[in-house]
Asks: 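One structure coming up, written as structure tokens, with questions to follow.
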Amino acid sequence: MENVSKPVRVRFAPSPTGIPHVGNIRTALFNWLFARHHGGSFILRIEDTDIVRKVEGALEAILDSLRWLGLDWDEGPEAGGDYGPYFQSQRLEIYQGVVRRLVEQGDAYLCYCSTERLEEMRKEQVRRKQPPGYDRRCRGLSEKEKAELEAKGITPVVRFKTPLSEKIKFVDIIRGDVVFDCATIDDFVLMKSDGYPTYHLANVVDDHLMKISHVLRADEWLSSTPRHILLYDALGYEPPEFAHLPMILGSDRAKLSKRHGATSVMDYRKQGYLPQAMVNFLALLGWSLDDRTELMSREELIKNFSIERIGKTGAIFSQEKLGWMNGVYLRQLSIEELVELAMPFLERRLPKEVKRPISRDYVRQIVPLIQERMRTLAEGVELASFFFVERLDYEPALLLERGLTGERALKALETAKERLESCPFEAVSLEGVLRPLAAELGLKTGEFFGLLRVATTGHTAAPPLFQTMAVLGRERCLKRIETAMERLTEKA
Ligand code: GLU
């Protein structure tokens, strides 16, 4: 069970080595929900000690993703705080001091092995089918040997002196008791030769100095935790509580990856998913209120979140469910809110030939017609595109889909055109004119309306016909009917 006797201080500690994906942000969200539930602090710490793997733009993408989802941090970049700096690259002296102490107290040692030697050693281990890991050659160097290596100008790394036989035990709030055998842990590096700490060292030092109470992080870090426990022990720090979050899987139960279409969180934003839907969806990736409730507001999530209800087994990421949920949230918006959100998507995504700026008044009329059917804002643009383009692209055969002959279709369109020239362009009037006209032409309403639908929208499925025509307006409708007639004539 989670122990919250200490003030709750949790952190999201991303490395800016890539654009944050769904899994990273789920970790951030769980930490944030836990902090907000307990009235604690949510800290953002940037673990940027791997200069080789640093990716340009990654930090911005991390901050943008958190901001977009409303995961505000109490301490960290931009916010400041009493435990900074919050970029590990600005804390090198702290780590160096800790490492010196570990060396002095005999818990760490300098290692002069070259990359070539380590490479050789690795190959040899593979050949002999031995477990991988440093062979501890430098663990027992004499002062004289050290001085000789030093004289050669080799800059050493610092390694932890892992106890040779011991069991490491810790409790994970989600998994219960976890036991690791020290024999499986090598003398891992604490400080690289460039003076930068490794993840293990910096993570432990900072979690301690920043008074982190609970570490909620991805499952993949579970195997690092025994190393961290060893470090906490050696440094005389009290370890935080750990909770390793279940892995996120694709619908085929393989670890979620690009292959599943799951991309960066910002890509979801670009496609027009709403942050409130995304938060709701991500919260259910491994956590549940009662195995049934799907729709929950941010406030409800905060109120109910607990580590106890995080599952042990992998959480399935279903793109379909996300689409459904986003559709639900889109339908909850007022017309005005949806117009506001749709405008930039239309501006950006409608074909180039459509004149800009897009008329907001026109959009306000369109939105109620597509709100029910869209799952994302990008999809909304696709559904609405026919309202804007000059020329509809459709196969003339589509006009005859309902089994009409070209001749009858032509006649029907021609008559419709005549009537539409004078009839008021409102849904009710249009229906009042067109419904009886079907009978007059000897057509089934389905046939006639289907024909008009393709002629005016280019699609066989579109929003309600008369409302759509009313929004399109007389001029556009007449022009489109004429074009349809031309296409039928050409086809014949
Ligand atoms: N920097 C690590 C990461 O990128 C942090 C892991 C942890 O939370 O301890 O995920």
Side-chain angles (χ1 to χ4, degrees), residues 8-35 40-55 57-63 65-66 71 73 75-77 83 85-92 94-95 160 170 172-175 178 180 188-190 192 196-232 235 237 239-248 255-257 264-265 282 285-286 307 310:
V8 166
R9 289 179 55 82
V10 288
R11 80 321 192 258
F12 176 49
S15 302
T17 51
I19 303 302
H21 53 77
V22 172
N24 303 124
I25 299 301
R26 193 264 321 241
T27 298
L29 174 64
F30 280 24
N31 277 283
W32 182 85
L33 286 172
F34 187 65
S41 301
F42 175 60
I43 293 138
L44 175 60
R45 179 174 77 222
I46 307 299
E47 302 209 324
D48 56 349
T49 57
D50 196 340
I51 26 184
V52 184
R53 289 180 53 224
K54 199 162 172 168
V55 167
L59 173 65
E60 265 319 305
I62 292 165
L63 302 185
S65 303
L66 296 177
L71 308 184
W73 53 99
E75 294 171 32
Y83 300 86
Y86 294 90
F87 286 86
Q88 290 189 325
S89 60
Q90 295 168 20
R91 302 169 63 81
L92 300 185
I94 302 178
Y95 311 125
F160 186 70
F170 60 92
D172 181 281
I173 309 172
I174 298 170
R175 295 158 172 270
V178 183
F180 273 87
F188 54 99
V189 176
L190 300 173
K192 295 173 270 184
Y196 276 80
T198 54
Y199 155 70
H200 301 303
L201 179 81
N203 193 267
V204 164
V205 170
D206 287 349
D207 281 349
H208 169 72
L209 292 178
M210 296 181 180
K211 298 206 165 57
I212 299 303
S213 60
H214 297 75
V215 167
L216 276 63
R217 64 181 166 202
D219 202 283
E220 63 190 284
W221 301 104
L222 184 71
S223 58
S224 294
T225 308
R227 291 183 175 83
H228 300 174
I229 298 285
L230 288 171
L231 276 169
Y232 281 108
L235 289 163
Y237 301 160
E241 308 235 0
F242 292 99
H244 288 89
L245 309 176
M247 204 188 269
I248 304 180
K255 185 174 180 206
L256 191 69
S257 69
S264 78
V265 173
L282 290 177
L285 285 180
I307 299 183
I310 297 176

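Indexing begins at 1, ligand by ligand and atom by atom, following the structure's order. Source: prediction; values computed, not measured. Sequential numbering from 1 along the given sequence is applied to the chain's residues.
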Asks: Any idea which heavy atoms bring F12 and N24 closest together, and the distance?
Replies: CE1-O, 3.3 Å
Asks: Do Y83 and D206 have a side chain donor and acceptor closer than 3.5 Å?
Replies: no
Asks: D48: what forms a side chain to side chain donor-acceptor pair (under 3.5 Å) with it, not counting sequence neighbours?
Replies: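 Partners of D48 under the side chain to side chain donor-acceptor pair (under 3.5 Å) test: S89.
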Asks: Check each atom of ligand 1 against the heavy atoms of E47 and keep those under 4.0 Å away; list them by number with element.
Replies: 1 (N), 2 (C), 5 (C)
Asks: List ligand 1 atoms under 4.0 Å from S15, heavy atoms only on the residue side.
Replies: 1 (N), 2 (C), 3 (C), 4 (O)
Asks: How far is atom 8 (O) of ligand 1 from its nearest protein heavy atom, and which residue and atom name does that atom have?
Replies: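 Protein heavy atom at minimum distance: R11 NH1, 2.7 Å.
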Asks: Under 4.0 Å from a heavy atom of N203: give me the atoms of ligand 1 that qualify, with their elements.
Replies: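 Those qualifying, in numeric order: 7 (C), 9 (O).
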Asks: When you look at H228 and F188, which way does the ring pair (Phe, Tyr, Trp, His ring centres under 6.0 Å) test go after all the steps?
Replies: CA-CA 11 Å; H228 300 174; F188 54 99; 8.0 Å; no
Asks: State which residues pass salt bridge (charged side-chain N to carboxylate O under 4.0 Å, His left out) with R217; sequence neighbours excluded, sorted by chain then number.
Replies: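 Partners of R217 by the salt bridge (charged side-chain N to carboxylate O under 4.0 Å, His left out) criterion come out as none, since no residue qualifies.
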Asks: Provide, to 0.1 Å, the distance between atom 10 (O) of ligand 1 and the closest protein heavy atom, together with that atom's residue and name.
Replies: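 Checking every protein heavy atom, the shortest distance to atom 10 (O) of ligand 1 gives W221 CZ2, 3.3 Å.
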Asks: Using distance alone, decide if ligand 1 has a nitrogen or oxygen within less than 3.5 Å of any nitrogen or oxygen in A13.
Replies: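 Yes: some nitrogen or oxygen of A13 is under 3.5 Å from one in ligand 1.
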